[in-house]
Amino acid sequence: MADYEPSQIEPKWQKFWQEKGLNKAEDFANKPKFYCLDMFPYPSGAGLHVGHPKGYTATDIISRYKMMQGFNVLHPMGWDAFGLPAENYAVKTKVHPDKSTHQNIEHFKEQIKSLGFSYDWSREIDTSSPEYYKWTQWFFLFLYKNGLAYKAKAPVNWCPKCQTVLANEQAQNGQCERCESEVEQKNLEQWFFKITDFCEELLLGLDKIDWPEPTKIMQKNWIGKSEGYEIDFTIKNQEQKIEVFTTRIDTIFGCAYLVVAPEHSAISSLKLQISNIKEVEEYVAKAKKKSDRDRQADIKDKTGVKLEGIMAINPANNQEIPIFAADYVLASYGTGAIMAVPAQDERDYEFAKKFNLPIVEAANSWEMAEKGIAKKKINYKLRDWLVSRQRYWGAPIPIIYCAKCGQQPVPEKDLPVLLPTDVDFMPTGESPLTKSKEFHNVRCPVCGAKAMRENDTMDTFVCSSWYFLRYTDPKNNQEFAAKKLMDYWCPVDCYVGGAEHTVLHLLYARFFTKALYKAGLISFDEPFLKLRHQGLILAAGGEKMSKSKGNVINPDEVVKQYGADSLRVYEMFMGPFDQAISWDTQGVKGVKKFLDRIFRVAQNIKSEVVQESLKKLLHKTIKKITDDIEAMKFNTAISSLMILNNEMEKEKEIAREIMEKFLMILSPFAPHLAEELWQGLDKKESIFLEKWPEYDINLINDEKINLIIQINGKARGSIEAVRGIGEQEAVGLTKKDQKIAKWLENKEIKKIIFVQNKLINFVI
RNA sequence: GCCGAGGUGGUGGAAUGGUUUACACGUACGACUCAAAAUCGUAUGGUCGCAAGGCCGUGAGGGUUCGAGUCCCUCCCUCGGCACCA
């Protein structure tokens with residue numbers, strides 16, 4: 001038999017599986033369903049990165065394993081195809097994003113297919129196709145009609161380089177998520193989705209899903225629930241009041257002054273009463289000009305200005321206290337005003353020190369709350385999701401503006417609102433759609449007068465907030481997906497993807513699901529029951545792979561040199577799945593060597609001899625692999641396959657029944673090699689149609705055990721004994737052992753600890 | 001600053017409170033070869049010792065326990081996230 005040549009065998013079996021329709025998910029099949037999903041990729045021009053196959057291999061192992069266990073598996077793949085890079089590329093090269101995106105998709109698909117993943121390609125989706133974004137637009141209308149999409153003028157994050165607004169989640173640290181430019185604040189009229197309506201549901205749902213705990217905590221923190229009180233402070237000799245929010249109403253006796261945000265309405269409404277209004281307005285103007293980043297730059301150095309001429313009255317003790325405007329108080333949170341308690345709050349303390357304000361120590365008292373001065377209030381940090389983008393390559397927002405009838409949704413029958421092609425992509429701060437003539441050739445759906453379309457497109461995260469639903473019914477042109485099919489396949493049983501989407505995609509998709517559930521369109525309220533993150537694959541030195549550093553590993557090269565199975569097994573063997581680990585090409589070589597050895601061992605099959613010891617090890621390995629796949633501990637699963645193979649190598653002949661089962665448990669990891677060797681055993685059908693082997697519990701417990709002997713808790717040796725040996729017997733055996741006996745000589749045994757089948761410890 | 005994860009050989013890592021270092025990489029030596037590659041075999045935590053064997057070893061220091069990488073406390077370091085949210 002020839003040597004193991006991955007390049008010879010891999011395409012052959014990929015074709016075979018494809019032709020047999022092995023990966024097709026069957027709607028309503030009479031089997032339990034299992035929906036196993038990857039976060040679909042953005043088809044970038046750079047092609048597949050070695051990080052992509054890490055997650056994809058994990059879901060492939062699980063999918064193939066579940067298939068063999070008799071599940072009806074849905075394992076789809078598609079493209080998160082809208083987005084800025086394609087548009088930026090178009091600006092640079094004049095290649096239309098539609099063209100470059102589809103070239104990229106073809107390239108990605110070819111690369112993914114070369115790795116032998118069991119995707120059901122008949123369900124492939126592309127978010128940039130009108131058949132798909134028609135329904136993205138439908139979702140916009142759905143939210144709009146349910147009062148969950150609204151247009152409002154608000155301070156928003158503006159990226160000067162991308163020339164578009166960004167959601168809060170995309171402007172963390174005051175930087176654009178895409179290009180890392182410093183974002184600016186602009187007051188603009190934009191479309192928002194009312195995710196804040198679901199704060200409570202989004203928090204509560206976390207308790208019933210199997211997600212990594214840190215991911216849940218991050219979502220929790222991002223939603224940022226805090227329970228407190230709102231209290232009115234009256235202004236001396238004025239009608240007007242200033243309402244503050246506090247979580248520590250008990251400290252109200254220590255309140256030394258009030259602080260309002262520079263944007264607070266009291267500043268203009270009390271304009272006439274503020275004697276230093278000029279100075280105040282100067283401060284406000286300066287603060288407004290500052291970017292968020294500048295405001296945060298020196299947290300310790302608080303700035304502010306006193307509002308002279310007015311005093312507030314502390315309702316707890318009727319004390320008159322001064323009022324300040326300072327930018328350490330945020331207009332966007334709570335009431336935009338706080339009661340400052342320098343004795344208790346670090347920020348108030350710093351401000352008080354700088355402005356020489358009294359630091360009043362006061363006994364804390366919760367009584368105030370009951371006195372009715374304050375009313376209970378819950379605040380959240382979560383802001384509504386800003387979805388407008390002043391860019392071209394996205395789904396147009398389906399809204400029409402009529403001079404007479406105002407803002408009108410596009411009627412559902414007129415969807416999709418197609419992206420026009422007669423545009424200049426050069427970003428100018430306005431949506432490129434503004435410049436299209438054909439796009440604006442529209443009439444008001446209400447009165448029929450000439451009207452204008454909305455020029456902005458939607459954030460691409462809108463497209464990815466519902467894609468997992470579309471896979472259940474990808475060709476439907478009547479609705480985004482049939483309820484029956486969504487309810488059959490969903491929720492997703494196992495979802496794998498990077499941790500970087502914790503407060504973006506993963507939060508948005510949960511929001512969509514909850515909105516649909518509330519409207520009765522689906523029967524589940526969490527989209528992803530079980531979620532796991534793959535750890536990054538770093539470059540050899542432990543730093544991130546990047547084009548500029550020239551340390552990027554191209555998966556095509558690895559497949560070419562070592563084969564897809566080697567790449568797959570290596571990426572699973574590197575270490576714990578969720579951990580970031582450096583790439584090591586030596587490790588790939590080692591895995592290839594392992595597969596070579598399997599290939600050679602498989603040549604020694606003889607059907608008669610069944611070595612009992614090998615059979616026992618096989619059954620232990622079946623148990624280990626089964627448990628490890630369930631727990632996604634792929635690295636230890638592979639090591640146990642190596643151990644078994646090492647043992648098989650020592651035998652001249654391997655029983656056919658042992659080899660067959662070995663190939664079955666190998667098959668999810670190295671599907672091509674397993675299928676090749678399986679077919680070498682004169683099989684007609686694919687190995688993946690076999691039933692996943694079960695282990696014999698009687699074979700996994702050895703009759704002989706190794707009893708560890710300890711003296712004072714220190715291991716001093718071991719003896720072989722029969723399973724279930726009693727303490728008396730074990731002590732007897734131990735004392736006969738020369739090596740141990742010398743430790744016990746002339747010593748008084750104070751105590752014996754005996755752990756059955758494990759150890760015996762003499763305390764002397 | 002706050003939240004989270006982690007610190008085990010030369011390297012990636014393994015380890016229900018029970019022989020620390022499975023499995024793999026690397027290295028050394030040996031076999032095969034004219035030679036190299038590939039392959040196979042042996043060794044491989046540190047230290048003392050000719051050896052038998054001893055002692056020390058999971059970031060540091062304490063504690064609980066017959067026994068701690070694992071549990072508890074204090075601290076140090078690395079990585080990820082958030083960051084004036086009252």
Side-chain angles (χ1 to χ4, degrees), chain A residues 3 172-174 212-218 220-222 224-226 228-229 244-249 251 259 261 292 295-302 326-330 332-341 344-348 350-351 379-383 499-500 502-503 533 535-536 538 540 542 569-570 573-576 578-591 593-594 596-597 600 633 635-643 645-646 649 706-718 739 742 750-755 758-764:
Chain A
D3 279 348
Q172 294 179 30
N173 281 321
E213 215 45 49
T215 303
K216 288 191 193 179
I217 291 170
M218 266 192 247
K220 235 176 230 177
N221 292 343
W222 189 260
K225 179 178 182 173
S226 66
Y229 295 85
V244 305
F245 174 72
T246 180
T247 52
R248 292 294 307 275
I249 185 132
T251 63
V259 190
D292 263 15
R295 280 200 187 190
Q296 289 164 15
D298 34 19
I299 281 174
K300 289 233 167 77
D301 190 29
K302 303 260 181 295
D327 65 3
Y328 83 92
V329 171
L330 306 175
S332 56
Y333 184 76
T335 61
I338 61 154
M339 56 174 226
V341 186
Q344 180 260 325
D345 186 283
E346 208 183 316
R347 296 154 299 182
D348 298 342
E350 272 156 25
F351 189 81
N379 269 326
Y380 300 91
K381 287 193 217 173
L382 186 68
R383 300 278 80 106
E500 66 275 14
T502 298
V503 294
H533 302 300
L536 283 181
L538 304 168
V569 174
Y570 170 63
F573 185 58
M574 289 175 94
D578 58 359
Q579 199 169 300
I581 301 174
S582 298
W583 181 269
D584 176 13
T585 298
Q586 289 297 344
V588 190
K589 283 187 192 168
V591 165
K593 218 159 82 179
F594 164 57
D596 282 339
R597 286 158 69 172
R600 261 176 266 136
K633 288 162 78 174
N635 55 332
T636 51
I638 290 163
S639 95
S640 70
L641 286 171
M642 288 173 170
I643 292 169
N645 192 57
N646 289 346
E649 264 182 342
N706 203 29
L707 195 71
I708 298 152
I709 303 172
Q710 298 185 337
I711 309 290
N712 287 343
K714 263 196 176 156
R716 292 297 179 189
S718 66
K739 265 164 78 179
K742 87 172 193 216
K750 286 188 189 154
K751 196 172 169 187
I752 294 173
I753 313 277
F754 180 73
V755 183
K758 190 142 262 172
L759 64 85
I760 182 158
N761 184 14
F762 296 90
V763 184
I764 56 174

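Chain letters run A, B, ... following the sequence lines, proteins first and then strands; every chain starts at 1.
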**OP:** Would you mind reading off the distance between A:F754 atom CZ and B:G18 atom P, rounded to a whole angstrom?
**Re:** 16 Å
Subject >> Distance below 4.0 Å between A:N761 side-chain N/O and B:U19 OP1 or OP2 >> reply: no
**OP:** Identify whether any heavy atom of A:F573 sits under 4.0 Å from a base atom; if not, whether one sits that close to sugar-phosphate; answer base, sugar-phosphate or nothing.
**Re:** base
Original post:
Given the side-chain rings of A:W222 and A:Y380, with only the six-membered ring counted for Trp, is the space between their centroids under 6.0 Å?
Top reply: no
Original post:
Rounded to whole angstrom units, what separation is found between the CE atom of A:M642 and the C1' atom of B:A24?
Top reply: 6 Å
**OP:** Enter the distance from A:N712:CG to A:I753:CD1 here, rounded to the nearest 0.5 Å.
**Re:** 10.5 Å
Subject >> Any A:N635 side-chain nitrogen or oxygen under 4.0 Å from OP1 or OP2 of B:A14 >> reply: yes
Original post:
Between A:S226 and B:A86, does any side-chain N or O lie under 4.0 Å from OP1 or OP2?
Top reply: yes
Original post:
Rounded to whole angstrom units, what separation is found between the NZ atom of A:K589 and the P atom of B:A38?
Top reply: 8 Å
Original post:
Could a donor-acceptor pair under 3.5 angstrom be found where the side chain of A:Q710 meets the base of B:G67?
Top reply: no
Subject >> Nucleotide nearest A:P214 (side chain, heavy atoms from C-beta), chosen from B:A5, B:U19, B:C66 >> reply: B:A5
Subject >> Side chain to side chain, A:F594 and A:N645, heavy atoms closer than 4.5 Å >> reply: yes
Subject >> Whole-Å gap separating C1' (B:G80) and CD1 (A:I217) >> reply: 13 Å
Original post:
Can you tell me if the side-chain N/O atoms of A:R716 get under 4.0 Å from OP1 or OP2 in B:C55?
Top reply: yes
Original post:
In whole angstrom, what separates A:K714's NZ from B:C56's C1'?
Top reply: 8 Å
Subject >> Interatomic distance where CD1 belongs to A:I760 and P belongs to B:G18 [whole Å] >> reply: 17 Å
Subject >> Rounded distance [0.5 Å steps], CD1 in A:I709 versus CG in A:L759 >> reply: 10.0 Å
**OP:** Starting at atom CD1 of A:I643, determine the distance to atom C1' of B:A15, rounded to an integer number of angstrom.
**Re:** 12 Å
Subject >> Any A:K381 side-chain N or O less than 4.0 Å from OP1/OP2 of B:A86 >> reply: no
**OP:** Go ahead and name the base partner of B:G18; Watson-Crick or wobble counts if both distances stay under 3.5 Å, otherwise write none.
**Re:** B:C66
**OP:** Could you check whether the rings of A:F245 and A:Y333 sit parallel, tilted or perpendicular, using 30° and 60° as the cut-offs?
**Re:** perpendicular
Original post:
So what's B:G41 paired with, Watson-Crick or G-U wobble, going by both distances under 3.5 Å?
Top reply: B:C29
Original post:
What is the distance, rounded to the nearest whole Å, between atom CD of A:E649 and atom P of B:G41?
Top reply: 7 Å
Original post:
Does a nitrogen or oxygen in the side chain of A:Y333 sit under 4.0 Å from OP1 or OP2 of B:A86?
Top reply: yes
**OP:** Determine the contact category for A:N379: base if any of its heavy atoms lies under 4.0 Å from a base atom, sugar-phosphate if only primed atoms, P, OP1 or OP2 are that close, otherwise nothing.
**Re:** nothing
Original post:
CZ of A:F351 to CG of A:D345: how many Å apart, nearest 0.5 Å?
Top reply: 12.0 Å
Original post:
Side-chain donor or acceptor of A:K758 under 3.5 Å from a matching atom on the base of B:U19?
Top reply: no
Original post:
For B:G13, does either OP1 or OP2 sit under 4.0 Å from a side-chain N or O belonging to A:Q579?
Top reply: yes
Subject >> Sugar-phosphate only, base, or nothing, as touched by A:K633 at under 4.0 Å among non-hydrogen atoms >> reply: sugar-phosphate
Subject >> Considering all heavy atoms, the nearest A:M339-A:D348 contact >> reply: O-OD2, 4.0 Å
Original post:
Looking at the side chain of A:T247, which of B:C40, B:U19, B:A86 is the nearest nucleotide?
Top reply: B:A86
Subject >> Nucleotide paired to B:C75 in any strand shown, Watson-Crick or G-U, under 3.5 Å >> reply: B:G59
**OP:** Provide the Watson-Crick or G-U wobble partner of B:A35, both distances under 3.5 Å; none if there is no partner.
**Re:** none
**OP:** If the glycosidic angle is within 90 degrees of 0 it's syn, otherwise anti, so just tell me which one B:G9 is.
**Re:** syn
Subject >> Base-pairing mate for B:C2 - Watson-Crick or G-U, with both contacts under 3.5 Å >> reply: B:G81
Original post:
A:N221 has a side chain; which of B:G13, B:A86, B:C3 sits nearest to it?
Top reply: B:C3
Original post:
Looking at B:C84, does its base get a donor-acceptor pair with the side chain of A:K302 below 3.5 Å?
Top reply: yes
Original post:
Base, sugar-phosphate alone, or nothing: which one does A:R383 contact when heavy atoms must sit under 4.0 Å apart?
Top reply: nothing
**OP:** With the side chain of A:Y328 defined as its heavy atoms from C-beta on, choose the nearest nucleotide among B:C84, B:A24, B:C25.
**Re:** B:C84
